[in-house]
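Remember, it's 1-based here, ligands and their atoms both numbered in the order they're listed. FYI, side chains are in, hydrogens and waters are out, and symmetry mates aren't considered; it's all heavy atoms of this structure. Positions are given from 1, in the same order as the sequence printed here.
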Amino acid sequence: MRRKIAAGNWKMNGDNNLLDDLTTLTVGQNISDPEVIVCPPHTLLNKAVEKTVNSFIKIGGQDCHVEKDGAYTGDISASMIAETGAKYVIVGHSERRDGHNEDNQRVRAKVQAAWSAGLIAILCIGESAAERSSKDTLTIIGTQLHASLPDDATAVNTIVAYEPIWAIGTGKTPTLNQIKETHDMLRDELINRFGTEGMKIRLLYGGSVKATNATEIFQVENVDGALVGGASLKATDFQPIIDALAET
Ligand code: PGA
């Protein structure tokens with residue numbers, strides 16, 4: 001059985017008050033409870049780790065550089081994220097792929113950098129609205145998965161998040177059938193490539209997940225949880241999503 005995950009991506013949002021709010025989340029501690037991960041901006045990582053040290057909330061970064069160190073003004077390496085005590089890092093989010101011109105090859109190098117630092121990579125993939133309209137979704141995300149995930153992926157070092165770009169922050173979501181179609185395809189790809197390990201890699205859905213749609217999305221086969229943006233910015237919004245996952 002794959003343990004469910006509720007992961008919050010704060011993006012460029014959040015402050016000390018939001019960290020205090022985070023500690024009010026009620027998170028189960030059994031293997032049958034969802035794993036809860038919060039990815040605040042890098043400036044808050046140290047404090048986030050400190051504040052959650054006695055809870056079951058885990059902390060992650062939102063991106064990392066491919067190199068360990070060097071002359072890369074404004075960047076942060078995976079080992080720096082790991083040094084804060086964070087255990088995860090999001091890589092290949094569409095806001096990085098599009099806004100920072102990150103192609104599959106670079107994302108793949110970031111996954112590798114995350115692993116080298118001992119972090120678990122949360123690899124994001126997803127199609128644009130135009131790709132969805134031209135019926136290229138499965139080809140696009142299949143290629144992204146293949147090209148951005150290195151051969152050494154395991155269920156321990158990798159989580160995959162399917163996030164249609166047009167659903168991110170828009171309030172739009174794919175139909176449940178569309179979510180099923182993509183997640184089934186991704187599961188098949190993972191099994192074809194990694195065998196039984198591919199069966200164990202968690203597949204999250206992301207894009208406008210809210211308390212009101214969480215339950216139905218979580219009931220879709222091969223959806224092992226969610227990567228949540230806007231609705232992870234308040235404990236009162238994030239908690240019902242965690243609870244919906246716990247009840248699925
Ligand atoms: P959203 O963002 O939940 O605000 O749509 C999801 C994400 O970008 O990870």
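Contact annotation for Ile168 and ligand 1: heavy atoms of both the backbone and the side chain come within less than 4.0 Å of the ligand.
Applying the 4.0 Å criterion to heavy atoms of Asn9 picks out, from ligand 1, the atoms 9 (O). Using a 4.0 Å cut-off to heavy atoms of Ala167, the atoms of ligand 1 that qualify are 5 (O). Using a 4.0 Å cut-off to heavy atoms of Gly169, the atoms of ligand 1 that qualify are 1 (P), 4 (O), 5 (O). Short contacts between ligand 1 and Gly207, defined as distances under 4.0 Å to a heavy atom of the residue, involve ligand atoms 5 (O). Listed by atom number, the atoms of ligand 1 under 4.0 Å from Ser208 heavy atoms are 1 (P), 3 (O), 5 (O).
Looking at Val228 next to ligand 1, no N or O pair under 3.5 Å apart turns up. Not one N or O of Ala231 is nearer than 3.5 Å to an N or O of ligand 1, by distance alone. The N/O atoms of Gly206, backbone and side chain alike, include none that comes under 3.5 Å of an N/O atom in ligand 1. Polar contact check, Glu95 against ligand 1: no nitrogen or oxygen pair lies under 3.5 Å apart. Residue contacts with ligand 1: Thr170 is placed with no nitrogen or oxygen under 3.5 Å of a nitrogen or oxygen of the ligand (distance criterion only).
When hydrogens are left out, the protein atom nearest atom 9 (O) of ligand 1 is Glu163 OE2, 2.7 Å; that is the closest non-hydrogen contact. With hydrogens left out, the protein atom closest to atom 3 (O) of ligand 1 is Gly229 N, 2.8 Å, a heavy atom. Summary of contacts: the protein heavy atom closest to atom 4 (O) of ligand 1 is Gly230 N, 2.8 Å.
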| request: Decide side chain to side chain donor-acceptor pair (under 3.5 Å) for Lys180 and Asn222; before the verdict, give the C-alpha distance in whole Å, the side-chain angles of both, and the deciding distance to 0.1 Å. | output: CA-CA 7 Å; Lys180 179 168 166 33; Asn222 282 316; over 6 Å; no
| request: Evaluate the side chain to side chain donor-acceptor pair (under 3.5 Å) criterion for residues Asp136 and Ser134: first the C-alpha distance (whole Å), next the side-chain angles of each, then the deciding distance (0.1 Å), finally the verdict. | output: CA-CA 6 Å; Asp136 289 328; Ser134 58; 2.9 Å; yes
| task | Start with the C-alpha gap between Glu127 and Trp166, add the side-chain angles, then the distance that decides, and say whether side chain to side chain donor-acceptor pair (under 3.5 Å) holds. | result | CA-CA 8 Å; Glu127 83 286 2; Trp166 52 274; 2.9 Å; yes
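For NZ of Lys210, the number of neighbouring non-hydrogen atoms (other residues, nucleotides, ligands) closer than 6.0 Å is greater than 12. Within a 6.0 Å radius of CG in Asn54, other residues, nucleotides and ligands contribute 12 heavy atoms or fewer.
Under a 3.5 Å cut-off, the side chain of Arg97 and the backbone N or O of Gly92 do form a donor-acceptor pair.
A salt bridge links Glu95 to Lys11: one of the charged nitrogens lies within less than 4.0 Å of a carboxylate oxygen. The pair Asp63-Lys110 counts as a salt bridge, with a side-chain nitrogen and a carboxylate oxygen less than 4.0 angstrom apart.
For the atom pair His65 NE2 and Tyr72 OH, the distance stands at 5.0 Å (nearest 0.5 Å).
Heavy-atom distances between His93 and ligand 1 reach below 4.0 Å in at least one pair. The shortest separation from a heavy atom of Ser232 to ligand 1 is not under 4.0 Å, leaving the residue out of contact.
In this pair, Tyr162 and His183 present their aromatic rings perpendicular. The plane angle is above 60°, beyond the 30 to 60° band.
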